[in-house]
Protein chains: 2
Amino acid sequence: MLSTMSSPARSVDSVTDTPHRLLEAAAEAFADRGFHATTTRDIASRAGLSPAGVYVHFASKEELLYQLSREGHEVARDMLLAAAAGASTPTEALRAIMGRFATWHAEHFRVARIVQYEFANLTSEHRDAVLTLRKQIDAVVRDVVTAGVASGEFTVDDVPDTTLALMSMAVDVARWYDPEIKRTPEAIGAAYAELGLRLVRAS
Amino acid sequence: MLSTMSSPARSVDSVTDTPHRLLEAAAEAFADRGFHATTTRDIASRAGLSPAGVYVHFASKEELLYQLSREGHEVARDMLLAAAAGASTPTEALRAIMGRFATWHAEHFRVARIVQYEFANLTSEHRDAVLTLRKQIDAVVRDVVTAGVASGEFTVDDVPDTTLALMSMAVDVARWYDPEIKRTPEAIGAAYAELGLRLVRAS
DNA sequence: GTCTATATAGCGATAGAC
DNA sequence: GTCTATCGCTATATAGAC
C-alpha cells in the first residue's frame, strides 16, 4: 500500500519493494505532469529501472494509474467512514469529515490530484470500479448532512447541492495546495471544518 | 473571440473563420481529453482541415491552448468586474459574482476546464501572463469579501481562506457539470450565490 | 491558404539474453 | 527479475506543389 494514510503502519522493506517504488514514481509523475504527459520511461527511471522493468510488475501504464486511483479512493472512503463513526452528533461528524478530508487533500495532494483529475484516463472497466467508490464517498458526506437536517442541527436549502459544495471545497485543496506554503495540512483541515459548518447552519 | 460569453454579439462569418473554427475544435478536444491526449490531427480534422492546415494559423498546439486560456481568463475577469460594479452593497455584490461565476463555469464548462486544469501545460512565458489574470480574478472576489467585513455585513474568520473557498465552490462546477443534467446553469448560479452568502454570514 | 508527403522524434510495449 | 535492443506506431511540425 502507498503511504496515502498518515497512519504509521508499513513494512520496513517497502522502500526496496519494486512494485511499491514504481507506484510512488508513477504517483509523482502523474500528479506533476498528468497521465498522458508521463512516459513509462519517466516512471522506470524514477524507480531506478530500465524502460522494460515496468512491465514485469504492471501490464500497462494504465494499470499503474488504476492501482493508484483505486487505492486513493479506498483510503479516502475509509478515512471518512472512520471520522463519521467516531462522532456523536452530526455537527461533530461534519467537523470531523471536513477536517480530515481537507487535511488529506493537502497532505496527499499528489494522490488526490490523480484521484480527482485522472479519472477520465482509466479504461471503462476501471472507471466503473472507481465510480462505485466515488458513490460511497459521496454517501458518507450526504448521510451526515441528512442526519443534521433530521436532528435540526443543520438547515440547508438542498441536501445534494450542499453535499456537493462541501466536497468541492475540500477537493479543491488538492488543486491549489503547494508543499512550499507555510500552513500545515492540519491548519487547513481546521479552517475547512469551520467553513463546512457555516454552509449548513441556519441564517 | 470564442463564445465564452453569453452576450449575443458576434460577426456572422465567425462560422467560416478558420482560426475561430480551430479554436473551437481545440477547446472541445482539450476539455474532453486533455491537452496532451489531444493530437493536432484531432483538432485539424474537427475543423475540417488537413493535419498541416493548423500551422498556417497557429505556430503550435500550445499556442492554441494559450489563446483559449488567456481569453477564458479575461472573459471571466471582466464578467466578475461587471457583476461587482453593478451591485450597491457587498451582499448584492457577492450574490452577483458567485451567481455569475458558477453559471459561467456550467455554461462554458469546456473553456472553464481548460482555464482550471491545463494551466500547467502552458509555456513559462504564457503561464506568467495567465497568472497575472488569475491574480486579478482573485482580487475581485477578495475585495468584495473585504468590503463586506468592513461594512459589517459579513463576518469571516479569515479573508483569504474564505475567498479561496468561495472560488473553490464555483470553480468545481466545471469539473462535475454535465450538459446532460436537467438543472440549468442559471439555477446552479442561484444556488451557489446563496451558498456563498452562507460562507460569509455571522453564526 | 490548403494540400500531400515526409522529416524527426518519441511513444508504449515486447523479445530474448542473462 | 533485470537488462539491451528493438518493433510498430503515432506524435508535432515542416517542405514544397498548387
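Here is the naming used below: chain letters follow the sequence lines, and residue numbers restart at 1 for every chain. Because the structure is predicted, anything quoted here is derived from the model rather than measured.
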Visitor: So if I take every side-chain heavy atom of A:Ala52 and compare against D:dT2, D:dT4, C:dT2, which nucleotide ends up nearest?
Guide: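 For the A:Ala52 side chain, the nearest candidate turns out to be D:dT4.
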Visitor: How many Å lie between CG on B:Leu64 and P on D:dA13, as a whole number?
Guide: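 Roughly 10 Å, once rounded to whole Å.
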Visitor: Any idea how B:Trp104 and B:Phe101 line up, ring-wise: parallel (<30°), tilted (30 to 60°), or perpendicular (>60°)?
Guide: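 Rings of B:Trp104 and B:Phe101: parallel, under 30°.
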Visitor: If I take atom CZ in residue A:Phe58 and atom C1' in nucleotide C:dT14, what distance separates them, rounded to the nearest angstrom?
Guide: 18 Å
Visitor: Would you tell me if any nitrogen or oxygen in the side chain of A:His36 comes within less than 4.0 Å of OP1 or OP2 on C:dC11?
Guide: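 So the side-chain polar atoms of A:His36 never come under 4.0 Å of the phosphate oxygens OP1 or OP2 of C:dC11.
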Visitor: Find the distance A:Glu63:CD to C:dG12:P and express it as a whole number of Å.
Guide: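 Taking CD of A:Glu63 and P of C:dG12, I get 16 Å after rounding.
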Visitor: On the nucleotide C:dT2, are OP1 or OP2 found under 4.0 Å from the side-chain N or O atoms that B:Thr18 carries?
Guide: yes
Visitor: Figure out the NE2/C1' separation between A:His57 and C:dA13, and round it to whole Å.
Guide: 15 Å
Visitor: Between C:dT14 and A:Tyr55, is there an OP1 or OP2 to side-chain N/O distance shorter than 4.0 Å?
Guide: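 So the side-chain polar atoms of A:Tyr55 never come under 4.0 Å of the phosphate oxygens OP1 or OP2 of C:dT14.
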Visitor: Can you tell me the distance, in whole Å, between the CZ atom of B:Arg33 and the C1' atom of D:dA11?
Guide: 14 Å
Visitor: For B:Leu22 and C:dT2, what is the distance between atoms CG and C1' respectively, to the nearest whole Å?
Guide: 12 Å
Visitor: Taking atom P of C:dG12 as reference, at what distance in whole Å does atom CZ of A:Phe30 sit?
Guide: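 After rounding, the reported distance stands at 9 Å.
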Visitor: Which pairs of donor and acceptor atoms, one on a side chain in residues 42-49 of chain A, lie under 3.5 Å apart (sequence neighbours left out)?
Guide:
unit_1  : atom_1 : unit_2  : atom_2 : d
A:Asp42 : OD2    : A:Arg33 : NE     : 3.2
A:Ser45 : OG     : A:Arg41 : O      : 3.4
A:Ser45 : OG     : A:Asp42 : O      : 3.2
A:Arg46 : NH1    : A:Glu28 : OE1    : 2.9

Visitor: From the set D:dT2, D:dT4, C:dC11, return the single nucleotide nearest to any side-chain atom of A:Arg41.
Guide: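 When the side chain of A:Arg41 is considered, C:dC11 is the closest of D:dT2, D:dT4, C:dC11.
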Visitor: As an exercise, state the distance from NE2 of B:His105 to CD of B:Glu107, rounded to the nearest 0.5 Å.
Guide: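 It is 12.5 Å, given to the nearest 0.5 Å.
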Visitor: Heavy atoms from C-beta onward define the side chain here; which of D:dT2, D:dA11, C:dT4 lies closest to that of B:Thr39?
Guide: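 Looking only at heavy atoms from C-beta outward on B:Thr39, the closest nucleotide is D:dA11.
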Visitor: Phosphate oxygens OP1/OP2 of C:dG12: is one of them under 4.0 Å from a side-chain N or O of A:Thr40?
Guide: yes
Visitor: Roughly how many Å is it from CG in B:Leu49 to C1' in D:dA13, rounded to a whole number?
Guide: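 Distance check: B:Leu49 CG to D:dA13 C1' gives 15 Å.
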Visitor: Relative to the 5' end of DNA chain C, which residue comes earlier, A:Ala37 or B:Arg21, by the nucleotide with the nearest heavy atom?
Guide: B:Arg21
Visitor: Relative to the ring of B:His126, is the ring of B:Tyr66 parallel (under 30°), tilted (30 to 60°) or perpendicular (over 60°)?
Guide: parallel
Visitor: Locate the shortest heavy-atom distance separating A:Ser69 from A:Leu122; write the atom from each residue and the value.
Guide: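 Closest pair (atom of A:Ser69, atom of A:Leu122, distance): OG-CD1, 4.0 Å.
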Visitor: Go through C:dT2, D:dA13, C:dC3 for me and flag the one nearest to the B:Ser50 side chain.
Guide: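 The answer is C:dC3, which lies nearest to the side chain.
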